Amino acid sequence: MKKSLFIQAVMLVAFATAAFAQGQSVEKKAACNADAFPERYFHYTLRGSLANSYIKFCRGGKARVAFLGGSITEMRGWKNQLEEFFKNTFPQTEFEFVEAGIPSMGSTPHSFRMKTDVLAKGKIDLLFVEAGPNDDTNEFTPLEQVRGMEGMVRQAWLADPETDIIMLHFIWDGFINIHKTGRRPDVIYNHERVANHYRVPSIDHNQEINERMDDGQFTWKDFGGQHPAPFGHTFYTAAIERVMKLMWSEVDKDAKITPHEIPEKPLDEYSYFNGDFINISEAKLGKGWQIVTPWHPDNNYQKRPGFVDVPMLETKTAGSKLTLDFKGKAIGICCVAGPYAGILEYSVDGRPFKKLDTYTHWSGYLYIPWVYMFETELGDTPHRLTLRMSKEKNEVSKGNECQIRNFVVNK
């Protein structure tokens, strides 16, 4: 069996290579062959319905599909393969694709940027969400993992209950070691709590890829690692296509589009389903803070698109202070935590100041986009945030700086 599976994997690579040599799409050709792989490798839960998107796609006209996630969504791969699948399967339909992947960001950042980066684009017919690898690597707590994912799903349905949603659980290096102990990553269980509560179909790509590697189909290096090679992405695509076809198979394309039932109560009343941005211009700035337009530091450290050459609220001065008046249950910042990232001191409504070190594992070489939450269980009333730069700093940080792209609020 292992030899046979390995031969299938080698044939898949050869097939993709041949397609490339002929000037055709590697992703598309490989994905087609991946459909023939045994059903036993697919791990999914068919909850709820994807009928609305299928009916809409069959009718023709215009349709919109959105992809919300981290770097595995942002990179070229499964997303682009699916875009081709939709266009080829429903040629009568004019698709618009909302590509809302941003590297390094998990469910908490996604829930706050959803309104701007996804919902503002118009009616979403089908939404893909993923956040497992970044929620895990960025060390979000189980509570935050639920609040972030529920923030994404519930917010989408509060905006439009006709939107179909598919939740994806991708793989990264850390999940392989967990699999070897016979366990499933906790973050997947936490996200599955949300999928189960809202009856959203989900796909466990992590389990599938681990099992295929266990059976000798390919190595982690062959797959491409956390950021898969085109070969690796075909497995993600094949599983997603399989789930959609199964759930579409019994749908009457002439049926009426109906709204999904939104649970009356959320899993957590403090989940970020009313997440939004507050523009940095709304802060009252004290000495040492300024809005830099556009922000582009003159150094060789890496910067991410969308977080450079844009307005930033910045301080480089210890002791600098600002205030922000807001209304909501939670407040935080979306910032870039780079080599000079400092320690912030914050207070809400005059309470004693708390400290937050904004320097991350990746800050030594990258201005990494990051969301830091200050307070998350406030009364839904007016509040005032006071923020100042500490004179202390992380021993490996080069300074006492902070660059804020937006404030984030859960209204």
Side-chain angles (χ1 to χ4, degrees), residues 43-48 67-73 100-114 127-158 165-210 226 236 239-240 243 260 262-275 329-330 332 360-361 370-373 375-377 408 410:
H43 293 270
Y44 49 75
T45 304
L46 304 182
R47 306 180 187 89
F67 305 88
L68 180 60
S71 55
I72 304 173
T73 296
I102 296 182
S104 306
M105 288 195 161
S107 63
T108 291
H110 297 332
S111 61
F112 287 104
R113 68 187 186 89
M114 174 173 276
L127 171 65
F128 293 90
V129 295
E130 62 90 5
N134 282 320
D135 269 9
D136 192 60
T137 58
N138 297 356
E139 299 178 351
F140 283 99
T141 66
L143 182 67
E144 292 170 318
Q145 292 167 6
V146 170
R147 287 179 175 177
M149 183 55 74
E150 183 171 36
M152 298 163 70
V153 172
R154 192 176 183 88
Q155 186 173 176
W157 276 358
L158 289 174
I165 301 174
I166 301 178
M167 186 183 298
L168 311 175
H169 306 306
F170 292 143
I171 185 174
W172 81 283
D173 305 68
F175 290 168
I176 297 174
N177 293 329
I178 294 174
H179 174 77
K180 289 177 179 178
T181 68
R183 296 184 296 115
R184 195 182 192 195
D186 289 344
V187 65
I188 293 181
Y189 281 115
N190 292 326
H191 288 173
E192 281 290 289
R193 286 188 61 202
V194 178
N196 190 57
H197 188 67
Y198 290 89
R199 293 184 53 75
V200 168
S202 60
I203 306 173
D204 190 346
H205 303 280
N206 168 67
Q207 186 68 21
E208 174 192 348
I209 302 306
N210 268 304
Q226 178 176 339
Y236 288 167
I240 297 169
V243 165
H260 293 278
I262 306 175
E264 181 179 355
K265 292 185 178 181
L267 280 170
D268 189 321
E269 63 176 313
Y270 293 108
S271 288
Y272 307 132
F273 49 85
N274 286 314
K329 297 182 289 186
T360 76
H361 298 299
W370 208 270
V371 167
Y372 285 109
M373 301 306 299
E375 298 291 349
T376 58
E377 298 183 6
V408 298
N410 192 33

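In this chain, numbering begins with 1 at the start of the sequence shown. All values derive from a computational prediction rather than experimental measurement.
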Which residues pass the ring-ring contact (aromatic ring centres under 6.0 Å, His included) test with [X], not counting sequence neighbours?
X    : value
F128 : F67, W78
H169 : none
H260 : W157

Exercise for the section: Check salt bridge (Lys or Arg N to Asp or Glu O under 4.0 Å) between E144 and all other residues, then give those that pass, not counting sequence neighbours. Expected result: none
Handout entry: With sequence neighbours excluded, residues passing salt bridge (Lys or Arg N to Asp or Glu O under 4.0 Å) with R184
Key =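 With sequence neighbours excluded, R184 shows a salt bridge (Lys or Arg N to Asp or Glu O under 4.0 Å) to D204, given in chain and number order.
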Do [X] and [Y] meet the criterion of a side-chain donor-acceptor pair at a distance under 3.5 Å?
X    : Y    : result
E192 : S202 : yes
N206 : H43  : no
E150 : Y198 : yes
E130 : T73  : yes

Practice task
Would you please test M114 and L68 for side chain to side chain contact (heavy atoms under 4.5 Å, CB included) and show each step?
Solution key: CA-CA 8 Å; M114 174 173 276; L68 180 60; 3.4 Å; yes
Does a side-chain heavy-atom distance below 4.5 Å link [X] with [Y]?
X    : Y    : answer
M373 : V408 : yes
M149 : N190 : no
P109 : F140 : yes
Q145 : T141 : no
R113 : M105 : yes
I171 : H205 : no
W172 : I72  : no
M167 : V153 : yes

Problem - F170 and Y236 aromatic ring geometry - parallel, tilted or perpendicular at 30°/60° bounds - result: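 It falls in the parallel class, under 30°.
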Interatomic distance, [X] atom [atom1] to [Y] atom [atom2] [nearest 0.5 angstrom]:
X    : Y    : atom1 : atom2 : value
S104 : W370 : OG    : CH2   : 7.0 Å
L143 : T376 : CG    : OG1   : 7.0 Å
N274 : L158 : CG    : CG    : 7.0 Å
E139 : T360 : CD    : OG1   : 10.0 Å
L127 : M152 : CG    : CE    : 7.0 Å
Q155 : S271 : CD    : OG    : 11.5 Å

Heavy-atom closest contact ([X] atom, [Y] atom, distance):
X    : Y    : result
H191 : S107 : NE2-OG, 4.3 Å
I165 : A156 : CD1-CB, 4.1 Å
G70  : H110 : N-NE2, 3.8 Å
G275 : F112 : CA-CD2, 3.6 Å
G106 : A131 : C-CB, 4.1 Å

Completion exercise
Residues passing the side chain to side chain donor-acceptor pair (under 3.5 Å) test with D186, sequence neighbours excluded, are none
Problem - Under 3.5 Å: donor-acceptor pair, side chain of K329, backbone of E269 - result: yes
Exercise for the section: Using atom types as modelled and distance alone, determine if a side-chain donor or acceptor of D268 lies under 3.5 Å from a backbone N or O of V146. Expected result: no
Handout entry: CZ/R47: more than 12 non-hydrogen atoms of other groups inside 6.0 Å
Key =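 Yes, the 6.0 Å shell around CZ holds more than 12 heavy atoms from other groups.
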Exercise for the section: Determine, for R147 against E377, whether the closest basic-nitrogen to carboxylate-oxygen distance falls under 4.0 angstrom. Expected result: yes
Practice task
Begin with the C-alpha distance, continue with both residues' side-chain angles, and end with the deciding distance and a verdict on side chain to side chain contact (heavy atoms under 4.5 Å, CB included) for L168 and I240.
Solution key: CA-CA 9 Å; L168 311 175; I240 297 169; 3.9 Å; yes
Exercise for the section: Test F175 against I209 for side chain to side chain contact (heavy atoms under 4.5 Å, CB included), laying out the working first. Expected result: CA-CA 10 Å; F175 290 168; I209 302 306; over 6 Å; no
Handout entry: H179 and Q207: CA distance, side-chain angles, deciding distance, side chain to side chain contact (heavy atoms under 4.5 Å, CB included) verdict
Key = CA-CA 8 Å; H179 174 77; Q207 186 68 21; 3.9 Å; yes
